[in-house]
Amino acid sequence: MNTLLIVIGVFMIVLGLFILLFKVIEIIPGYEDSNLKNKKGMAIWVGTNYIIMGMLTVIDAIISINYHFNELTSIIIFTGIIIIFYLITSLGGKKYRKD
């Protein structure tokens with residue numbers, strides 16, 4: 001299971017870099033060019049948050065492997081990371097959307 005978390009974390013890092021470098025907001029559900037005031041700012045915000053989320057997921061898996069945590073503990077931490085960064089990304093991204 002921890003190997004899967006590492007793969008998910010690396011995927012989130014790659015996705016975040018892709019969004020950050022190429023400003024591809026279209027691959028994120030719910031974000032359209034017509035709803036944005038600042039596409040570049042939104043790409044930086046979302047891409048950075050995806051990278052941090054991916055790094056924390058990989059760190060969670062590595063700590064779980066090294067310290068022999070229960071897999072349930074690792075999954076609970078992963079779920080917390082996803083929920084917290086979903087809220088941060090959604091609420092922080094409001095400043096880049098048209099109201």
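Below, each value reflects all heavy atoms present in this structure, side chains not excepted, and no hydrogens, waters or symmetry copies.
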If I take atom CZ from residue Arg97 and atom OG from residue Ser90, how far apart are they, to the nearest 0.5 angstrom? 6.5 Å
Quick one: pull up CG in Leu56 and CD1 in Ile77 and give me the separation to the nearest 0.5 Å. 10.5 Å
Do any pairs count as a side chain to side chain donor-acceptor pair (under 3.5 Å) and have a residue in residues 39-48, sequence neighbours left out, and if so which ones? Glu26-Lys39
Asn2 versus Ala61, closest heavy-atom pair with distance: O-CB, 3.5 Å
Grab the two heavy atoms, one from Gly93 and one from Met42, that are nearest each other, plus how far apart they are. O-CE, 3.5 Å
Kindly work out whether a path of hydrophobic side-chain contacts (I/L/V/M/F/W/Y, heavy atoms less than 4.5 Å apart) joins Met53 to Ile44. no
Do the non-hydrogen side-chain atoms of Tyr50 and Ile13 ever get within less than 4.5 Å of each other? no
Rounded to the nearest 0.5 Å, how far does CD1 of Ile84 lie from OG1 of Thr89? 11.5 Å
Is there a side-chain contact between Asn35 and Lys98 (heavy atoms, below 4.5 Å)? no
Any chance you could lay out the side chain to side chain contact (heavy atoms under 4.5 Å, CB included) test for Ile27 and Leu15, step after step, and finish with the verdict? CA-CA 10 Å; Ile27 63 174; Leu15 185 62; 3.4 Å; yes
Between atom CG of Asn70 and atom CD1 of Ile75, what is the distance when rounded to the nearest 0.5 Å? 8.5 Å
Is there a side chain to side chain contact (heavy atoms under 4.5 Å, CB included) between Val58 and Ile8 once you walk through the steps? CA-CA 8 Å; Val58 170; Ile8 291 170; over 6 Å; no
Nearest heavy-atom approach of Ser74 to Asp60 is O-OD2, 2.9 Å
Nearest heavy-atom neighbours spanning Ile19 and Ile25: CG2-CD1, 4.3 Å
Does the side chain of Glu71 come within less than 4.5 Å of Leu5's, by heavy atoms? no
Any side-chain heavy atom of Met55 within less than 4.5 Å of one from Met12? no
